[in-house]
2 protein chains.
Amino acid sequence: MCLNRYLITRRMVTNGDFMGTYINKDKVLVAVDCIIFGFDPQREVLQLLLIKRDFKPKKGRWSLMGGFMKKHEDLREAAVRVLTELTGLDNIYLEQLKTFGKIDRDPVERTVSVAYSALINTTEHDSGLINQYSARWFDISEVPDLIFDHDFMVKTAIKRLQYRASVQPIGFELLPEKFTMRQLQKLYEEIFNQKLDKRNFIKKINSLKVLEKLKEKDMTSSRKGSFLYRFNHQKYQEKLKAGFVFKV
Amino acid sequence: MCLNRYLITRRMVTNGDFMGTYINKDKVLVAVDCIIFGFDPQREVLQLLLIKRDFKPKKGRWSLMGGFMKKHEDLREAAVRVLTELTGLDNIYLEQLKTFGKIDRDPVERTVSVAYSALINTTEHDSGLINQYSARWFDISEVPDLIFDHDFMVKTAIKRLQYRASVQPIGFELLPEKFTMRQLQKLYEEIFNQKLDKRNFIKKINSLKVLEKLKEKDMTSSRKGSFLYRFNHQKYQEKLKAGFVFKV
DNA sequence: CCAAAAGTGTTTATGATACACCCATGA
DNA sequence: TCATGGGTGTATCATAAACACTTTTGG
């Protein structure tokens, strides 16, 4: 590390080759921020995970889960580590969203932040664990003002989520293993922020042929009860390999 | 800068608030790499701009136009500056592509690189200027091996280009002001790497209603000559505002 | 028997695809 | 007159959108 750096510097001094290429270049902090979406199947709302900062600056304000990349760690690994440290969430697939590099985005130090995003199935992840870490789910319509440029990051993430939802059967990452058609539809309505026609929606979803209709019914939401469905990962993978586009 | 940093450190020492938040965090080099696409309307090929490195490491190898962000400069500005310094290209709209953060992507120093991409109209930009800077256009099918992870960056950029081309009338950024339908079609064929039906293509393009057919003909490619078209930016902006999706 | 949510089909409009011949011109 | 690239139209199919009534059952 320091040694390594010294050696390179020596080489540069010796033959001049690296001159102007790596020395005298500014180094800055590289942050990672995690934008985690969830869906509450009972209340049928899209949610965002936030933490309350118990340190300055902006102590007491809500923020995305963020931290700094270490020199000897991959960027993505840094995001995974930070998320785990702050929420206990483990084994989450984080997708890179965008990098935010405005000069004054962090008032303390020049920091470039790489935002990562994930969709999680809240019923599969221990919410007690999340609470323990002073993290909390917010309904997407009730997200408070966030620190720095985190509001903008969230806006960007929602746009990306809408795009992803339009080309992939995204619902299955956010719903419990078994779910009703109504829940799936509500999820899409939340993501796109618009009402969808029940009949057309079901037709389209069925045409994708990646759902199994189960014999079981969910009896909590009506007297008649509604059938439960399950996502068939194998069929999905086969279709994906065949180049099928899951336009919803 | 150094002063500023010192003050913050003092405050941290005084009240402990910043402890563990900003101090002892690793700083790394933040690079920007520019992926510039062009289109040669004569030869009807998609092209990529590269430079020959005249410095180590990888001296003599071809590479994207890259450099390091300065501490007191926006990330995007850094990309614009680097592009201008290395190619003379000015006034280019660079769109952020993705950030590459593998631990060993640069063998010399830990570097996180943010890739930016742009489409340029080669006839509007002084190619003499580019040559002066030891930059060169390569046909997309003949791009040489590049340094570091630049090959992967280019692959990623091409995918993004294909996506953008499918939802925006992208051709107009890459073509000269006046162009023929054939050139436009060839451009899309190059981007998607597949043949398109002439009649269907023209129908689709016309349905977008953002082209003006001129009275002039281009006589260089056939005896009959082919009509020239021009992109109508105003119509495009109006449609864009109205939420029109330019699916091609 | 009624309230509340579940479930189900048809029609129409729009856009995508496939496909082949005539036109204008310079040499 | 002919070789070359330019230019045009129709029929079919697939998907999207609009739209309303019946079913089930617990209370």
Side-chain angles (χ1 to χ4, degrees), chain A residues 41-45 162 165-169 175 178-189 192 194-230 239 242-248, chain B residues 41-45 162 165-169 175 178-189 192 194-230 239 242-248:
Chain A
Q42 255 60 56
R43 298 180 42 249
E44 299 173 342
V45 286
Q162 291 178 341
S166 74
V167 295
Q168 280 171 49
L175 288 168
K178 300 173 184 180
F179 51 87
T180 66
M181 273 291 180
R182 180 191 169 85
Q183 288 169 337
L184 186 58
Q185 183 180 342
K186 284 281 176 184
L187 170 57
Y188 274 87
E189 289 180 347
F192 292 113
Q194 64 172 336
K195 292 267 167 235
L196 300 172
D197 181 88
K198 190 167 49 160
R199 290 158 292 186
N200 291 338
F201 180 78
I202 291 173
K203 240 180 298 174
K204 194 147 34 175
I205 293 296
N206 281 333
S207 76
L208 302 179
K209 304 201 167 162
V210 288
L211 283 196
E212 289 169 35
K213 188 175 188 169
L214 305 178
K215 298 257 187 303
E216 302 171 66
K217 277 189 164 187
D218 170 75
M219 300 307 292
T220 61
S221 64
S222 73
R223 315 196 167 179
K224 187 179 177 181
S226 54
F227 282 103
L228 289 164
Y229 289 79
R230 184 163 50 194
K239 293 217 152 198
F244 189 85
V245 180
F246 291 86
K247 198 161 159 293
V248 178
Chain B
Q42 254 61 54
R43 298 179 43 247
E44 298 172 340
V45 286
Q162 290 178 341
S166 74
V167 294
Q168 282 171 47
L175 288 168
K178 300 172 182 179
F179 51 87
T180 66
M181 273 290 178
R182 181 192 167 86
Q183 287 170 338
L184 186 59
Q185 182 179 342
K186 284 282 176 183
L187 170 57
Y188 275 87
E189 289 180 346
F192 292 113
Q194 64 173 335
K195 292 266 167 234
L196 300 172
D197 182 90
K198 190 166 52 161
R199 288 158 294 186
N200 292 338
F201 180 79
I202 291 173
K203 239 182 297 175
K204 194 148 32 173
I205 293 296
N206 281 333
S207 75
L208 303 178
K209 303 203 169 163
V210 289
L211 283 196
E212 290 169 34
K213 187 175 189 170
L214 304 178
K215 299 256 186 304
E216 303 171 64
K217 278 189 164 188
D218 169 77
M219 300 306 294
T220 61
S221 63
S222 73
R223 308 181 182 201
K224 187 179 176 181
S226 54
F227 281 104
L228 288 164
Y229 289 78
R230 183 162 52 193
K239 293 217 153 198
F244 189 85
V245 180
F246 291 86
K247 197 161 159 295
V248 178

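Letters A, B, ... mirror the listed sequences (proteins, then strands); counts begin at 1. Because the structure is predicted, anything quoted here is derived from the model rather than measured.
Taking every side-chain heavy atom of B/Phe227 into account, D/dG7 is the closest of D/dG7, C/dT8, C/dA16. Set against C/dA16, D/dG7, C/dG7, the side chain of B/Ser226 has D/dG7 as its closest nucleotide. The A/Lys203 side chain lies nearest to C/dT10 when the options are D/dT8, C/dA18, C/dT10. In the set D/dC19, C/dC19, D/dG7, C/dC19 carries the atom at the smallest distance from any side-chain atom of B/Asn200.
Across every non-hydrogen atom of B/Leu196 and B/Gln185, the tightest pair is O-NE2, 2.9 Å. Annotation for A/Ala165 and A/Phe192: closest pair CB-CZ, 3.8 Å, computed over non-hydrogen atoms. Of all heavy-atom pairs between A/Ser207 and A/Lys204, the closest is OG-O, 2.6 Å.
Between B/Arg182 and the phosphate of D/dG5, there is no side-chain N or O to OP1/OP2 separation shorter than 4.0 Å.
Once rounded to the nearest 0.5 Å, the distance linking OG1 of B/Thr220 with CD of B/Gln42 reads 6.0 Å.
Whole-Å rounding puts the A/Gln185 CD to C/dA5 P distance at 14 Å. Regarding A/Phe179, its CZ atom lies at a distance of 15 Å from the P atom of C/dA6, rounded to whole Å. In this structure, CG of A/Leu208 is placed 13 Å from C1' of D/dT15, rounded to the nearest angstrom. As rounded to whole Å, 10 Å separates atom P of C/dT8 from atom CE of A/Met181. Going from atom CZ of A/Arg199 over to atom C1' of C/dG7 covers 11 Å, rounded to whole Å. In this entry the distance linking CG of A/Leu228 with C1' of C/dG7 reads 15 Å, nearest Å. Separating the CG atom of A/Asn206 from the P atom of D/dT15 is a distance of 15 Å, rounded to the nearest angstrom. Spacing between atom CD1 of B/Ile205 and atom C1' of D/dT8 amounts to 17 Å, rounded to whole angstrom units.
Between the side chains of A/Lys203 and A/Asn206, no donor N or O sits under 3.5 Å from an acceptor N or O.
Toward the 5' end of DNA chain D, the nearer of the two residues B/Tyr229 and A/Lys204, judged by each one's closest nucleotide, is B/Tyr229.
Geometrically, B/Lys213 does not engage B/Tyr229 in a cation-pi contact, judged by NZ or CZ lying under 6.0 Å from the ring centre and within 45° of the ring axis.
Put simply, the side chain of A/Met181 reaches to within 4.5 Å of the side chain of A/Leu211, judged on heavy atoms.
Of the residues in residues 212-225 of chain B, those lying under 4.0 Å from DNA chain C by heavy-atom distance are B/Arg223, B/Lys224.
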